[in-house]
Student: 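My questions all concern the structure below.
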Amino acid sequence: MPARKILVTAALPYANGPIHIGHLVEYIQTDIWVRFQRLRGERCIYICADDTHGTAITIRARKECRSEEELIAQVKAEHERDFAGFRISFDNYGSTNSSENRELCGEIWDAICRAGLVKTENVDQLYDTVANTFLADRFVRGTCPHCRAANQPGDNCSACGATYSPTELIDPVSTLSDSKPEIRSAPHLFIELNQLRDFLVEYTQQGDHLQKEIANYLRGHFLGDADSPEGLKELKSWDVSRPAPYFGFEIPGHLGHYWYVWFDAPIGYIASTKQWCDRHGERLEDWWKSDDVEIHHFLGKDITYFHTLFWPGMLKTAGFSLPRKIHIHGFLTVNGAKMSKSTGTFVKAETYLKYLDPSALRYFYASKLTPRVDDLDLSVDEFVNKFNADIVGKVVNLASRTAKFVEQVGLSKTYPEDGGLFARAAAVGHEIADAYQECDFARATRLICEIADQVNPFVDTEQPWVLRKDPSQAQRLQDVCTIALNLFRQLAIYLAPILPDLAERAGQLLHDPIVSWDQSQTPLLGTPVAKFEHMLKRIEVKDFEKMIEETAKETAKEIATTPAAGEGTVAASLPQDSDEALRNEPLAAECTIEDFAKVDLRVARIVRAEHVPEAKKLLKLTVSLGGEHTRTVFAGIKAAYEPESLVGRLVIIVANLKPRAMKFGLSEGMVCAAGGGGTEVYLLSPDSGAVPGQRVH
RNA sequence: GGGCCGGUAGCUCAGUCGGUUAGAGCAGGGGACUCAUAAUCCCUUGGUCGCGGGUUCGAAUCCUGCCCGGCCUACCA
């Protein structure tokens with residue numbers, strides 16, 4: 001059977017910030033799939049690039065007093081370094097700011113124009129006359145036109161939930177220059193997506209180009225359903241141009257107008273392929289306009305919309321091949337919570353590599369990834385434990401405990417009787433391959449571990465360390481080790497897409513490089529065995545903790561200088577905080593600094609905490625303001641805190657609150673906490689360094 | 001409010017086109033071994049399969065109602 005031709009892309013990371021462990025879910029997932037295809041003998045190329053255009057890049061470059069080109073060149077170098085550190089095996093890593101991309105954008109644009117999909121409309125937008133730029137929604141703040149809440153973002157109000165256009169804001173202020181922007185009208189170019197409606201319905205709803213939940217989502221939210229009460233929906237036209245100044249490509253024939261970053265970003269997939277083709281003497285048409293090629297996109301759920309509607313529409317119109325499959329994954333959470341800068345879980349790739357082995361993260365992600373769109377949680381204990389137990393303890397241990405017994409003699413010449421061990425594991429290979437093929441890496445790792453779980457007992461039963469002491473058992477010793485090492489090699493092959501480093505070392509140990517999946521089906525015989533050296537080290541919780549600590553420090557420093565998040569094309573950049581809390585409890589009426597000064601907030605230490613037998617919600621706290629100054633405070637936090645966990649910690653109390661006689665005694669203050677009540681109570685604490693008695697200003 | 005996914009041992013999950021006493025890994029307990037990276041092996045504790053109702057000879061598995069969690073949406077793209 002001739003090899004399949006497969007072109008794989010991962011979403012383009014935005015050139016506005018470093019790669020972090022959230023990004024890596026995607027690049028690792030994709031890399032595993034790509035390496036699997038290559039191991040199977042398919043022709044598979046892995047294409048990516050930096051996404052470099054848009055306002056956010058300009059703003060950061062200005063802030064750092066350098067050109068956009070200089071900024072994106074530096075970020076690209078960093079991205080490539082980080083990806084290499086995690087063994088991401090791109091065949092080409094390009095940039096959307098390339099001549100190839102400009103040319104392809106032009107080609108696709110022409111086709112879209114010829115198809116009669118483009119129209120022009122005037123759009124009112126806020127313009128910052130100081131910074132000399134139009135303002136994207138997130139660079140404007142002002143008063144909500146509906147509820148009059150102050151300091152709201154440009155597109156929707158966090159207090160009342162209303163949505164509006166930035167031009168409706170009362171007293172808008174540019175966050176770039178703090179000046180008052182003016183409304184300017186400019187023509188924008190729109191693509192009438194609705195003309196492609198029939199095609200998009202067919203593409204997204206027929207066949208298996210999309211995961212089922214994604215197809216449902218598109219039907220429910222954009223395409224509509226003839227059978228549903230709401231009926232069919234009309235697709236909105238897409239605003240694809242931005243007036244100058246804008247960092248991007250100027251649209252031919254429209255002086256002063258640029259393609260919106262999301263127009264040229266996916267075309268970057270093709271442009272990056274073009275670079276690869278030029279380097280390898282291939283024709284781009286053979287990869288992007290050929291029915292022989294399977295195109296697979298991997299991306300995060302946040303950019304579903306662009307890749308499943310606009311992008312197929314663009315490709316279709318311009319006569320390019322459509323993606324065979326769009327694989328969409330969820331986000332990363334750490335210890336059950338969204339990644340956060342303040343708690344140090346927003347770990348950069350670079351920081352991770354200082355403390356931990358990339359193999360561990362590759363394996364952990366693999367063990368959690370399924371074909372579904374679910375989020376993936378990285379819990380420290382599970383992460384450390386899984387890698388150590390499965391990979392170091394079970395798989396690598398097989399080589400570690402047998403290789404040295406055959407260092408002198410090598411592997412047996414014929415494969416010994418092993419009770420069917422090798423043959424059974426070879427048969428499972430088909431199932432493992434299916435799992436990889438379907439992106440069910442969790443299933444693949446489970447199957448692999450099941451094999452490993454059978455081999456260590458075999459070694460224990462055969463006791464090579466006993467055989468070694470009896471010269472007459474030399475042949476049996478060599479046979480036992482030959483079996484164990486062959487099973488080890490088989491596992492290393494099955495794991496090779498996930499753990500390329502391990503596969504490489506396994507190849508070196510047995511003097512037979514791992515290059516093909518088929519090698520797992522035949523035992524290796526008669527080769528010398530190299531001196532065994534550690535292939536992977538166990539990882540330690542304390543290293544993980546150090547990494548978190550460093551991340552927390554880094555981000556504390558950065559916060560002052562970090563520009564706002566960009567129009568990124570990657571998953572999981574900043575945590576997307578819901579505005580639910582604000583909606584549940586809208587902001588209070590404005591107060592003056594004098595009003596605030598009436599409230600005396602103090603740092604206090606809880607010195608005693610006890611249950612009040614008859615109280616349903618209250619705990620009785622004794623807090624110290626330093627010296628002999630203690631207070632008794634009844635706090636409604638019983639459902640959320642155990643008294644023992646409170647003793648010793650610092651809290652913030654309202655120290656001048658009029659004492660209140662309660663059923664159980666006098667309460668001489670109030671402990672500050674956030675949350676909606678019940679079990680949702682979060683006590684406030686000062687940063688370390690604060691001492692009891694200090695006032696909060 | 002709507003949509004999607006999920007709720008199975010302390011934890012992470014498998015099992016679900018209905019069929020014998022519900023499984024694995026990790027963690028816990030006991031023992032063994034000493035070749036191995038405090039690794040490995042054996043034995044073992046542990047579950048009313050979210051809750052209620054229905055279909056059936058038989059339901060973790062099908063239907064239905066409810067509860068809980070996550071994500072996405074809320075007339076934006």
Side-chain angles (χ1 to χ4, degrees), chain A residues 137 154-156 161-166 190 193 211-222 224-225 228-230 233-240 260 262 300-306 309-310 328-331 333 336-338 364 367-368 370 372-379 381-406 440 442-443 445-450 452-469 477 480-481 484 488 532-540 567 576 578-579 583:
Chain A
D137 294 357
D155 48 359
N156 66 298
T163 58
Y164 40 77
S165 119
F190 288 78
L193 200 62
Q211 287 131 300
K212 213 165 164 82
E213 58 264 51
I214 298 294
N216 289 343
Y217 159 76
L218 294 175
R219 192 171 63 241
H221 288 282
F222 303 107
D225 192 336
S228 82
E230 292 172 7
K233 294 184 183 175
E234 187 162 317
L235 292 164
K236 298 257 158 72
S237 293
W238 182 32
D239 182 355
V240 290
Y260 175 47
W262 262 111
K301 61 185 178 182
D302 53 334
I303 54 177
T304 296
Y305 181 72
F306 297 99
L309 295 175
F310 295 133
I328 296 176
H329 62 81
F331 292 153
T333 57
K338 286 173 180 171
F364 183 77
S367 76
K368 294 292 226 178
T370 71
R372 292 188 295 271
V373 193
D374 307 339
D375 286 353
L376 180 164
D377 185 54
L378 168 57
S379 106
D381 291 337
E382 198 189 351
F383 168 67
V384 171
N385 191 20
K386 201 154 199 145
F387 180 73
N388 288 346
D390 293 354
I391 299 303
V392 184
K394 286 175 189 165
V395 177
V396 177
N397 188 41
L398 288 172
S400 167
R401 67 193 305 203
T402 55
K404 71 178 200 178
F405 297 138
V406 285
D440 198 344
R443 180 171 154 76
T445 56
R446 266 201 315 277
L447 291 165
I448 291 166
C449 284
E450 276 175 29
D453 280 335
Q454 291 168 25
V455 190
N456 275 304
F458 167 81
V459 177
D460 267 75
T461 309
E462 297 295 332
Q463 299 184 298
W465 56 95
V466 174
L467 296 174
R468 142 184 94 144
K469 291 174 187 156
L477 175 65
V480 166
C481 294
F488 164 71
F532 181 81
E533 282 167 22
H534 273 14
M535 296 186 175
L536 290 169
K537 276 217 306 270
R538 295 170 63 78
I539 55 174
E540 308 279 345
E567 289 158 313
Q576 293 294 301
S578 153
D579 61 354
R583 288 205 313 272

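Proteins come first, then strands; the chains are lettered A, B, ... in the order of their sequence lines, and each starts at number 1. Heavy-atom basis, side chains included; hydrogens, waters and symmetry copies ignored.
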Student: Across the strands shown, which category fits A/F222 at heavy-atom distances under 4.0 angstrom: base, sugar-phosphate, nothing?
Tutor: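 Base contact.
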Student: Between B/rA27, B/rA36, B/rC71, which nucleotide gets closest to the side-chain atoms of A/N385?
Tutor: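 Nearest nucleotide to the side chain: B/rA27.
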Student: Rounded to whole angstrom, note down the P distance from B/rG2 over to B/rA77.
Tutor: 23 Å
Student: Under 5.5 Å centre to centre and under 30° between planes: does that hold for A/W238 and the six-membered base ring of B/rA77?
Tutor: no
Student: What is the base-pairing partner of B/rG1, counting Watson-Crick and G-U wobble geometry with both distances under 3.5 Å?
Tutor: B/rU73
Student: Quick one: does A/T402's side chain have a donor or acceptor within less than 3.5 Å of a partner on A/L398's backbone?
Tutor: yes
Student: Students often get this wrong, so: under 4.0 angstrom with heavy atoms, is A/P457 touching a base, only sugar-phosphate, or nothing?
Tutor: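 It contacts sugar-phosphate atoms only.
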Student: Mind checking A/D453 for me? I need base, sugar-phosphate or nothing, with any heavy atom below 4.0 Å counting as a touch.
Tutor: sugar-phosphate
Student: With no hydrogens and no angle check, is any side-chain donor or acceptor of A/D377 less than 3.5 Å from a backbone partner on A/G336?
Tutor: yes
Student: For the pair made of CG in A/D390 and P in B/rC11, what is the distance, rounded to whole Å?
Tutor: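 Spelled out: CG on A/D390 to P on B/rC11 is 19 Å.
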Student: Can you tell me if A/H221 is stacked onto the base of B/rC72, using a 5.5 Å centroid cut-off and an angle below 30°?
Tutor: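 Stacking is absent between B/rC72 and A/H221, given that the ring centres and planes do not meet under 5.5 Å and under 30°.
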Student: Just the rounded figure in Å: distance from P of B/rU37 to NZ of A/K394.
Tutor: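 It is 19 Å, rounded to the nearest whole Å.
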Student: Apply side chain to side chain contact (heavy atoms under 4.5 Å, CB included) to residues A/F458 and A/Q454 and explain how you reach the verdict.
Tutor: CA-CA 7 Å; A/F458 167 81; A/Q454 291 168 25; over 6 Å; no
Student: For the side chain of A/F331, starting at C-beta, report the closest nucleotide among B/rG25, B/rC72, B/rC35.
Tutor: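 So the side chain of A/F331 is nearest to B/rC72.
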Student: Does B/rA39 have its OP1 or OP2 closer than 4.0 Å to a side-chain nitrogen or oxygen of A/R538?
Tutor: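 Yes, within the criterion.
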Student: Considering only side-chain heavy atoms of A/Y217, which listed nucleotide, B/rU40, B/rC33, B/rC72, is closest?
Tutor: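 Closest nucleotide to the A/Y217 side chain: B/rC72.
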Student: In Å, rounded to the nearest 0.5 Å, how long is the span from OH of A/Y305 to OH of A/Y217?
Tutor: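 Interatomic distance, A/Y305 OH to A/Y217 OH, rounded to 0.5 Å: 8.5 Å.
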Student: Between A/K537 and A/V373, which residue's closest nucleotide on RNA chain B lies nearer the 5′ terminus?
Tutor: A/K537
Student: Starting from the 5' end of RNA chain B, give me the residue, A/A452 or A/L536, whose nearest nucleotide shows up first.
Tutor: A/L536
Student: Under 4.0 Å from OP1 or OP2 of B/rC26: is there any side-chain N or O of A/K386 that close?
Tutor: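 For A/K386, the contact criterion (side-chain N or O under 4.0 Å from OP1 or OP2 of B/rC26) is not met.
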Student: Provide, to the nearest angstrom, the distance between the CZ atom belonging to A/R443 and the P atom belonging to B/rG15.
Tutor: 7 Å
Student: With a 3.5 Å limit on both atom pairs, tell me what B/rG6 is paired to, counting Watson-Crick and G-U wobble, or say none.
Tutor: B/rC68
Student: Considering only atom C1', compute the distance from B/rA24 to B/rU8 and round it to an integer number of Å.
Tutor: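 The same atom, C1', in both gives a distance of 13 Å.
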Student: Any donor and acceptor pair, going by atom type alone, linking the side chain of A/N456 with main-chain N or O of A/K394 inside 3.5 Å?
Tutor: yes
Student: Expressed in whole Å, how much space separates the C1' atoms belonging to B/rG10 and B/rG3?
Tutor: 34 Å
Student: Side chain of A/K301: nearest nucleotide among B/rC71, B/rC35, B/rC26?
Tutor: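 When the side chain of A/K301 is considered, B/rC71 is the closest of B/rC71, B/rC35, B/rC26.
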Student: Would you please indicate yes or no on a ring centroid separation below 6.0 angstrom for A/F310 and A/W262?
Tutor: no
Student: What integer number of Å spans the P atoms of B/rG28 and B/rU20?
Tutor: 33 Å
Student: Whole angstroms only, please: what is the CG-P distance between A/N216 and B/rG2?
Tutor: 17 Å
Student: Rounded to the nearest Å, what distance is computed from the CZ atom of residue A/F383 to the P atom of nucleotide B/rG25?
Tutor: 22 Å
Student: Quick one: which of B/rU12, B/rA36, B/rC72 gets closest to the side chain of A/K404?
Tutor: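 The answer is B/rA36, which lies nearest to the side chain.
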Student: Which base sits across from B/rA32 as a Watson-Crick or G-U pair, both distances under 3.5 Å?
Tutor: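 B/rA32 is paired with B/rU40.
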Student: In whole Å, what is the span from the CG atom of A/D377 to the C1' atom of B/rG6?
Tutor: 15 Å
Student: Could you tell me whether the side chain of A/Q211 and the main chain of A/I328 form a donor-acceptor pair under 3.5 Å?
Tutor: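 Answer holds: yes.
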Student: May I ask you to verify if any side-chain N or O of A/R446 is less than 4.0 angstrom from the OP1 or OP2 atom of B/rC13?
Tutor: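 So the side chain of A/R446 is outside the cut-off, no N or O lying under 4.0 Å from OP1 or OP2 of B/rC13.
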Student: Could you measure between the two P atoms, the one in B/rG58 and the one in B/rG54, and give it in whole Å?
Tutor: 12 Å
Student: Using atom C1' of each nucleotide, how far apart are B/rA39 and B/rC26 to the nearest Å?
Tutor: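 These two C1' atoms come out 15 Å apart once rounded.
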Student: In Å, rounded to the nearest 0.5 Å, how long is the span from CD1 of A/I391 to CG of A/N397?
Tutor: 12.0 Å
Student: Of the nucleotides B/rA36, B/rU37, B/rU34, which has the atom closest to the A/W465 side chain?
Tutor: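 It is B/rU34.
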Student: Taking the C1' atom in each of B/rC75 and B/rU12, what is the distance between them to the nearest angstrom?
Tutor: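 Here B/rC75 and B/rU12 have their C1' atoms 40 Å from each other.
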Student: Would you mind pulling out the nucleotide paired to B/rA14, Watson-Crick or G-U wobble, both distances under 3.5 Å?
Tutor: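 Because no pair has both required distances under 3.5 Å, B/rA14 counts as unpaired.
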Student: Please pick, from B/rC35, B/rA27, B/rA39, the nucleotide with the shortest atom-to-atom distance to any side-chain atom of A/D460.
Tutor: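 When the side chain of A/D460 is considered, B/rC35 is the closest of B/rC35, B/rA27, B/rA39.
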Student: Below the 4.0 Å mark, does B/rA77 have OP1 or OP2 next to a side-chain nitrogen or oxygen of A/K236?
Tutor: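 Indeed, a polar side-chain atom of A/K236 lies that close.
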Student: Between B/rU73 atom P and A/I214 atom CD1, what is the distance in whole Å?
Tutor: 11 Å
Student: Looking at the side chain of A/F310, which of B/rG25, B/rA77, B/rA27 is the nearest nucleotide?
Tutor: B/rA77
Student: Between B/rG31 and B/rC13, how far is it from one P atom to the other, in whole Å?
Tutor: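 B/rG31 and B/rC13 have their P atoms separated by 33 Å.
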Student: Give the rounded distance in Å between these two atoms: CG of A/D375 and C1' of B/rG69.
Tutor: 13 Å
